[in-house]
Participant: 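Quick one: this structure, given as structure tokens, is what I'll be asking you about.
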Amino acid sequence: MTSPPDEGVSGRVRSGASRLYAVWPGKYRSDLFLIDDIDEYERAIGLQPDPERTGLQSHRHDVSWSVSPYETDPAGSYISVEVVLECGCELRDLRAFAVHMREQRGWNVAVTGGWSGQRSPGALPKYDVRVRRASLR
């Protein structure tokens with residue numbers, strides 16, 4: 001997860017003593033938005049856990065993994081890995097998953113590409129992600 005903001009700022013926004021704005025830059029103009037729900041804002045940018053959006057609970061994940069049978073470059077610096085979240089969580093947000101795996105296992109999960117998931121009847125979903133080989137433990 002991203003580092004939490006200064007509690008002074010969050011506290012002032014929650015109490016109504018300060019306002020928080022976001023700017024959406026454009027080519028010819030920029031739009032200014034008032035952030036009226038600080039909790040929703042913090043969940044959206046990853047400062048608070050958001051299991052509904054990410055599918056990941058805030059706990060240490062029980063993960064089993066193996067090199068994907070579809071890996072085409074087994075000597076590459078990044079390899080395809082099949083991951084099963086034995087704890088029952090789901091992968092809905094690759095960036096959030098990458099943060100969890102970095103913090104919990106030291107994995108460097110690629111977030112610039114895609115990922116895929118498959119579910120067999122009666123089995124936990126299996127996800128294919130790209131992970132830096134040297135970080136797998």
Side-chain angles (χ1 to χ4, degrees):
M1 298 281 168
T2 309
S3 299
D6 178 348
E7 272 304 313
V9 172
S10 292
R12 288 193 308 272
V13 171
R14 280 186 174 82
S15 72
S18 294
R19 293 184 182 165
L20 181 62
Y21 294 93
V23 176
W24 188 269
K27 186 171 184 178
Y28 299 107
R29 71 173 199 182
S30 295
D31 294 313
L32 183 66
F33 298 92
L34 172 66
I35 305 297
D36 58 352
D37 185 340
I38 189 73
D39 292 318
E40 183 66 27
Y41 166 76
E42 288 180 349
R43 282 190 299 274
I45 64 170
L47 296 176
Q48 288 185 19
D50 188 2
E52 285 184 36
R53 183 180 59 81
T54 65
L56 302 169
Q57 298 295 325
S58 293
H59 62 238
R60 181 157 181 85
H61 300 289
D62 183 9
V63 177
S64 62
W65 65 274
S66 62
V67 175
S68 172
Y70 305 108
E71 176 56 55
T72 58
D73 186 9
S77 59
Y78 279 83
I79 60 171
S80 293
V81 174
E82 286 187 343
V83 175
V84 176
L85 295 169
E86 305 282 349
C87 56
C89 288
E90 295 181 19
L91 198 166
R92 295 184 199 146
D93 182 316
L94 184 58
R95 288 188 186 276
F97 176 75
V99 169
H100 281 239
M101 291 300 96
R102 176 63 127 179
E103 291 174 351
Q104 295 178 14
R105 296 182 152 251
W107 288 6
N108 187 354
V109 176
V111 295
T112 54
W115 57 275
S116 64
Q118 58 186 345
R119 178 177 288 221
S120 300
L124 291 170
K126 191 181 295 186
Y127 304 98
D128 287 337
V129 296
R130 304 280 296 163
V131 180
R132 187 167 185 86
R133 175 188 303 285
S135 69
L136 285 170
R137 296 184 229 147

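The chain is numbered in sequence order, starting from 1.
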Participant: CZ/Phe97 to CH2/Trp107 distance, rounded to the nearest 0.5 angstrom?
Facilitator: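 Reported to 0.5 Å precision, the distance equals 6.0 Å.
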Participant: Evaluate Leu124 against Glu86 for side-chain contact (heavy atoms from CB on, under 4.5 Å), listing each step before the verdict.
Facilitator: CA-CA 7 Å; Leu124 291 170; Glu86 305 282 349; 3.6 Å; yes
Participant: Checking Arg132 now: which residues fulfil side-chain contact (heavy atoms from CB on, under 4.5 Å) with it, not counting sequence neighbours?
Facilitator: Ser77, Tyr78, Asn108, Ser135
Participant: Any pair with a residue in residues 55-65 that passes salt bridge (Lys or Arg N to Asp or Glu O under 4.0 Å), sequence neighbours left out, goes on the list, sorted by first then second residue, please.
Facilitator: none
Participant: Would you say that Leu91 contacts Val83 through its side chain, given a criterion of any heavy-atom pair below 4.5 Å between the two side chains?
Facilitator: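 Side-chain contact under 4.5 Å: no.
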Participant: Looking at side-chain heavy atoms only, is the closest gap between Leu56 and Leu85 below 4.5 Å?
Facilitator: yes
Participant: Which pairs count as salt bridge (Lys or Arg N to Asp or Glu O under 4.0 Å) when at least one residue sits in residues 70-82, sequence neighbours excluded?
Facilitator: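 Only Glu71-Arg130, Glu82-Lys126 qualify under salt bridge (Lys or Arg N to Asp or Glu O under 4.0 Å).
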Participant: Can you list the residues that meet the side-chain contact (heavy atoms from CB on, under 4.5 Å) rule with Asp36, with sequence neighbours excluded?
Facilitator: none
Participant: Find the distance between CE (Met101) and CG (Leu136) and round it off to the nearest 0.5 Å.
Facilitator: 11.5 Å
Participant: I'd like to know whether CZ of Phe33 has more than 12 heavy-atom contacts from other residues, nucleotides or ligands below 6.0 angstrom.
Facilitator: yes
Participant: Could you walk me through whether Arg14 and Asp39 pass the side-chain contact (heavy atoms from CB on, under 4.5 Å) check?
Facilitator: CA-CA 9 Å; Arg14 280 186 174 82; Asp39 292 318; 2.6 Å; yes
Participant: Taking Val81 as the starting point, is it possible to reach Val111 by hopping between hydrophobic residues whose side chains are less than 4.5 Å apart?
Facilitator: yes
Participant: Do Trp65 and Val129 belong to the same hydrophobic cluster, where Ile, Leu, Val, Met, Phe, Trp and Tyr are linked whenever their side-chain heavy atoms lie under 4.5 Å apart, directly or via other members?
Facilitator: yes
Participant: Just to verify, what does Asp93 make a salt bridge (charged side-chain N to carboxylate O under 4.0 Å, His left out) with, not counting sequence neighbours?
Facilitator: Arg53
Participant: Please tabulate, for the side chains in residues 19-29, all donor-acceptor contacts under 3.5 angstrom to protein atoms that are two or more places apart in sequence or on a different chain.
Facilitator:
residue	atom	partner	partner atom	Å
Arg29	NE	Asp31	OD1	3.4
Arg29	NH2	Asp31	OD1	3.3

Participant: Please work out which of the three classes, parallel, tilted or perpendicular, describes the rings of His100 and His61, given edges at 30° and 60°.
Facilitator: tilted
Participant: Any ring-ring contact (aromatic ring centres under 6.0 Å, His included) pairs touching residues 118-137, not counting sequence neighbours?
Facilitator: Trp115-Tyr127
Participant: What residues, two or more places apart in sequence or in another chain, satisfy side-chain hydrogen bond (donor to acceptor under 3.5 Å, both in side chains) together with Gln104?
Facilitator: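 Gln104 satisfies side-chain hydrogen bond (donor to acceptor under 3.5 Å, both in side chains) with no residue once adjacent residues are dropped.
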